[in-house]
Amino acid sequence: IYCTSGMAPQARNLRAAMHAADGDHRFRWSADGGEVFLASTRDVFLPSLFDSASWNVVVAESEDTAFAAIKVFRSLFPAMILLFILVALLLIVIQTRRQLGPLSALRRHAQRLGEGEFDARLELATNNEFQELADGFNSMAGKLGAQFHFLTAMSEIDRALLHSANLSSICETILTHVTDILPIDSAAIIALDRGQLAEPRLYHLPGESGLEVLRAAVPAEVVQHINSSELVIDVTSPQSAMPKLGDCFRGAVAVQVHPLHFEGQSLGALCLGHKKAQTWTADQEEFARGIKDRLTAALSAFERQRRLYAQAHFDHLTGLPNR
């Protein structure tokens, strides 16, 4: 009796559908136009309180309206599944490229290291373990490059020691390589001539012009230190302490003087200039010792050769040349 405007004309069909439901609170019924409704009914129990028949409250909704969202979902679900699959495949491809790209770069870098390209550096901005591995590769390549460079330089110096009879050529070979394998800006070699202690020779390689040999360019206090000590000294003002060196240590803030001794005899020194303060690594310290040992061997050999020549050609008592 009391129905909304849309349900009132269908009251008879609605009652028939309710009776056909046989007590089920949920049922379907068809309107006169063929539209199917979904309905739910509940009883309002009135006899005990008002001595009246129970009321039946019915709520109905068109099946098309009720299932519209499900129909839309059924139509979109395959497309959504396909989209999810494509997104998953895209993520797999991206993640695979993130993994295989750095691995491929590491493999190529390892091949370059195997071919001796130790100056090559691998730059990976991945902020993960691959970047740490690349940094480790770069560190290893730097150390291997320094080692091979040092061994190559030492091989050339040893070759010069074996085949050269000229101290100047040996000093030139050493000065050519020392600035490459050590963190220094300039270098020079002081050779003490035992026959002319007042005028030690200083070997310097200013550039493309070749080796330069200076006489009496070393201060007396430096020569005194070389003769009396095996400790390294730092000349903090090379331009004022060694004014005759000129361009040898121009711009250097300090010069390290490494005395060279053999069998208690002072032979000279290796001078290394720095334009800025630096801390050497253990490998660089080892490189410096290797150069000093070879330079000491060269100077001792030439000093021994000088003594033999003097003993053979000069009188030991008078110092006059023999007949």
side-chain contact (heavy atoms from CB on, under 4.5 Å) partners of Gln305, counting only residues at least two apart
Phe302

Membership question, hydrophobic clusters at under 4.5 Å side-chain separation (ILVMFWY): are Phe50 and Val44 in the same one?
yes

Parallel under 30°, tilted from 30 to 60°, perpendicular over 60°: which one fits the rings of Phe77 and Phe73?
tilted

Audit row: Arg304, Ser300, side chain to side chain donor-acceptor pair (under 3.5 Å) steps and yes/no:
CA-CA 6 Å; Arg304 185 164 52 252; Ser300 63; 4.6 Å; no

Interatomic distance, Leu76 atom CG to Leu83 atom CG [nearest 0.5 angstrom]
11.0 Å

On a heavy-atom basis, the closest approach of Ala53 and Leu46 is O-CD1, 3.8 Å

Take a 6.0 Å sphere around CH2 of Trp55 and say whether it holds more than 12 heavy atoms from other residues, nucleotides or ligands.
no

same_hphob_cluster(Phe67, Val59) at 4.5 Å side-chain heavy-atom cutoff:
no

Heavy-atom check, side chain of Ile291 versus side chain of Met154, under 4.5 Å:
yes

Counting only heavy atoms not in Asp51, do more than 12 fall under 6.0 Å of its CG?
no

Has the side chain of His177 got a donor or acceptor atom that lies under 3.5 Å from a matching backbone atom of Ala153?
no

Would you say Val213 and Leu202 make side-chain contact, with heavy atoms under 4.5 Å?
no

Any carboxylate oxygen within less than 4.0 angstrom of a Lys/Arg side-chain nitrogen, looking at Glu286 and Arg289?
yes

Just verifying a value: how many Å separate Arg28 CZ and Glu63 CD, rounded to the nearest 0.5 Å?
4.5 Å

Measure up the Phe150 and Phe287 rings against each other and bin them: parallel (under 30°), tilted (30 to 60°), perpendicular (over 60°).
parallel

On a heavy-atom basis, the closest approach of Thr173 and Ala160 is OG1-CB, 4.0 Å

Between Arg294 and Asp158, is the salt bridge (Lys or Arg N to Asp or Glu O under 4.0 Å) condition met? List the steps.
CA-CA 8 Å; Arg294 283 161 175 79; Asp158 291 339; 2.9 Å; yes

Joining Ile, Leu, Val, Met, Phe, Trp and Tyr whenever any side-chain heavy atoms lie under 4.5 Å apart, the cluster holding Ile94 also takes in Leu90

N/O donor-acceptor pair under 3.5 Å between Asp43 side chain and Phe45 backbone
no

For residues Phe37 and Val57: do they belong to one hydrophobic cluster (side chain heavy atoms under 4.5 Å, members Ile, Leu, Val, Met, Phe, Trp, Tyr)?
no

Distance from Lys292 atom NZ to Leu270 atom CG, nearest 0.5 Å?
7.5 Å

Evaluate side-chain contact (heavy atoms from CB on, under 4.5 Å) for Ile189 paired with His204, printing each intermediate quantity in order.
CA-CA 7 Å; Ile189 296 173; His204 172 51; over 6 Å; no

Roughly how far, to the nearest 0.5 Å, is CD of Glu156 from CD1 of Ile174?
12.0 Å

Is the shortest heavy-atom distance from the side chain of His261 to the side chain of Ser266 under 4.5 Å?
yes

Rounded to the nearest 0.5 Å, what's the gap from CG on Leu161 to CD1 on Ile170? Could you check?
5.0 Å

Does atom CZ of Phe148 have more than 12 heavy-atom neighbours, drawn from other residues, nucleotides or ligands, at distances under 6.0 Å?
no

Check step by step if side-chain contact (heavy atoms from CB on, under 4.5 Å) holds for Leu192 and Leu267.
CA-CA 5 Å; Leu192 298 180; Leu267 303 174; over 6 Å; no

Is there side-chain contact between Leu299 and Phe262, with at least one heavy-atom pair below 4.5 Å?
no

Does Val72 belong to the same Ile/Leu/Val/Met/Phe/Trp/Tyr cluster as Leu82, with side-chain heavy atoms less than 4.5 Å apart forming each link?
no

Checking Leu272 against Thr179 for the side-chain contact (heavy atoms from CB on, under 4.5 Å) test, could you report, in this order, the C-alpha distance in whole Å, the side-chain angles of both residues, the deciding distance, and whether it holds?
CA-CA 9 Å; Leu272 306 176; Thr179 54; over 6 Å; no

Ignoring hydrogens, what is the shortest heavy-atom contact between Pro259 and Ala269? Give both atom names and the distance.
CA-CB, 4.1 Å

In sequence, state the C-alpha distance, the side-chain angles, and the governing distance for Trp280 and Ile184, and then conclude on side-chain contact (heavy atoms from CB on, under 4.5 Å).
CA-CA 10 Å; Trp280 288 11; Ile184 60 174; 3.8 Å; yes

Closest non-hydrogen atoms of Cys271 and Ile190, given as atom of the first, atom of the second and distance, are SG-CD1, 3.6 Å

Testing the basics here: between Leu205 and Leu175, what is the closest heavy-atom pair and its distance to 0.1 Å?
N-CD1, 3.9 Å

Using atom types as modelled and distance alone, determine if a side-chain donor or acceptor of Gln284 lies under 3.5 Å from a backbone N or O of Thr281.
yes

Look at the side chain of Ser155 and the backbone N and O of Leu151, then say whether any donor-acceptor pair between them is shorter than 3.5 Å.
no

Would you confirm whether His109, through its side chain, and Ala105, through its main-chain N or O, come within 3.5 Å as a donor-acceptor pair?
no

Using every non-hydrogen atom in the two residues, find where Leu182 and Ala288 come nearest and quote the distance to one decimal.
CD2-N, 3.9 Å

Which value, rounded to the nearest 0.5 Å, describes the distance between Phe27 atom CZ and Thr41 atom OG1?
6.0 Å

